[in-house]
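What follows is a set of notes on a single structure, which appears directly below.
Numbering of residues begins at 1 and proceeds along the displayed sequence. Only a predicted model underlies this, so the values are computations on that prediction, with no experimental measurement involved.
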Amino acid sequence: MAASCDLHDVDPPELQFPFLLDKQISCPLRLANRTDHTVAFKIKTTNPRKYCVRPNNGVVPPRSSCTVVVTMQAQMVVPPDLQCKDKFLVQSVVVSDGLSAKDITSQMFVKEGGNVIEEVKLKVAYVMPPEPPSEIAEEHDGLEKVLVSMQRSVDNGRSTSELSSGSVSLRSAEEVRSPVGRIVKSEEFLKAARPAMATKTYAGPGEQSHQLSAIIAKLTEEKNSALEQNRKLQVELELVRCEARKQQGTFSLVLY
């Protein structure tokens with residue numbers, strides 16, 4: 001939401017600079033004339049050595065707008081808690097039609113002689129800079145390395161045909177070690193995992209991140225399903241053992 005006065009709107013209402021050491025940062029400021037008159041503006045700041053404002057004054061025709069670029073000079077020290085006390089003041093006054101920027105004088109913005117000066121005050125805030133693309137790429141590379149390592153673990157173990165064609169027993173799911181923990185391989189797991197592991201090229205960072213998240217979610221789902229199957233098989237095995245012990249006890253009583 002823009003800051004406003006009777007003559008113009010100022011957007012954004014707060015100047016936000018992503019704080020980076022030893023680097024100039026710019027923030028655009030849009031001034032919109034709300035009236036049917038020509039409006040002259042002048043921009044002041046409490047810290048003029050720290051900022052460069054281009055243009056710092058000008059003329060905006062009726063129902064028009066202009067963009068001012070505020071540039072913060074490179075900073076060498078990080079302020080405590082990234083707090084900034086700097087402020088800006090945008091002054092505006094109605095002037096004659098046809099007046100140009102070179103005709104603007106400081107006397108126009110003096111509140112004397114019947115001059116009606118409108119003012120908008122702006123605060124300055126430091127924000128955290130966006131995550132560099134290199135860090136995003138490293139995260140994607142790390143996930144891809146995990147998938148490649150999982151592929152090698154499968155290749156170094158039993159073949160897909162042996163796992164998928166073997167008869168189902170009490171140990172129908174084989175647990176293997178991988179960089180992401182204990183991964184349970186089953187016929188259904190391999191069908192879902194192999195196409196995912198073979199995928200190494202993606203259209204872009206956004207789509208790549210989405211696909212990798214979907215792959216990991218699918219692998220986790222299949223792992224949990226196989227672990228649950230193992231748990232059920234272990235319960236069945238224990239029941240079989242109990243039944244065998246009962247039968248053995250009955251056989252001993254008959255012999256006695």
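- The nearest pair of heavy atoms linking P12 to P28 is CD-O, 3.5 Å.
- In this structure, F17 and Y51 have tilted ring planes: the angle between them lies in the 30° to 60° band.
- Under 3.5 Å, the side chains of D9 and S4 contain a donor-acceptor pair of N or O atoms.
- Checked for salt-bridge contact, E119 and K111 meet the test: a charged N lies under 4.0 Å from a carboxylate O.
- There is no side-chain donor-acceptor pair under 3.5 Å between E118 and Q91.
- By the criterion of side-chain heavy atoms lying less than 4.5 angstrom apart, applied directly or through intervening Ile, Leu, Val, Met, Phe, Trp or Tyr residues, V120 is not grouped with L7; the two fall into different hydrophobic clusters.
- More than 12 heavy-atom neighbours from other residues, nucleotides or ligands sit within 6.0 angstrom of NZ on K50.
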query = Is there a side chain to side chain contact (heavy atoms under 4.5 Å, CB included) between M128 and F19 once you walk through the steps?
reply = CA-CA 6 Å; M128 294 301 296; F19 192 87; over 6 Å; no
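- A donor-acceptor pair shorter than 3.5 Å cannot be found between the side chains of Q234 and E236.
- A pairwise comparison of heavy atoms in P18 and P129 identifies CB-CA, 3.9 Å as the closest pair.
- Note that NZ of K123 and SG of C84 are 11.5 Å apart. Values are rounded to the nearest 0.5 Å.
- Across all non-hydrogen atoms, the minimal contact from P55 to F41 is O-CE1, 4.1 Å.
- Heavy atoms only, all atoms of each residue included: S92 and C5 are closest at OG-SG, 4.1 Å.
- A distance of 5.5 Å separates CG of L122 from CG of L15, quoted to the nearest 0.5 Å.
- Within a 6.0 Å radius of CZ in R54, other residues, nucleotides and ligands contribute 12 heavy atoms or fewer.
- Within a 6.0 Å sphere centred on CG of D81, other residues, nucleotides and ligands contribute 12 heavy atoms or fewer.
- Clustering of Ile, Leu, Val, Met, Phe, Trp and Tyr by side-chain heavy atoms under 4.5 Å joins F109 with V59, V93, V95, L99, I104, M108, I117.
- A donor-acceptor contact closer than 3.5 angstrom is absent between the side chains of T45 and N47.
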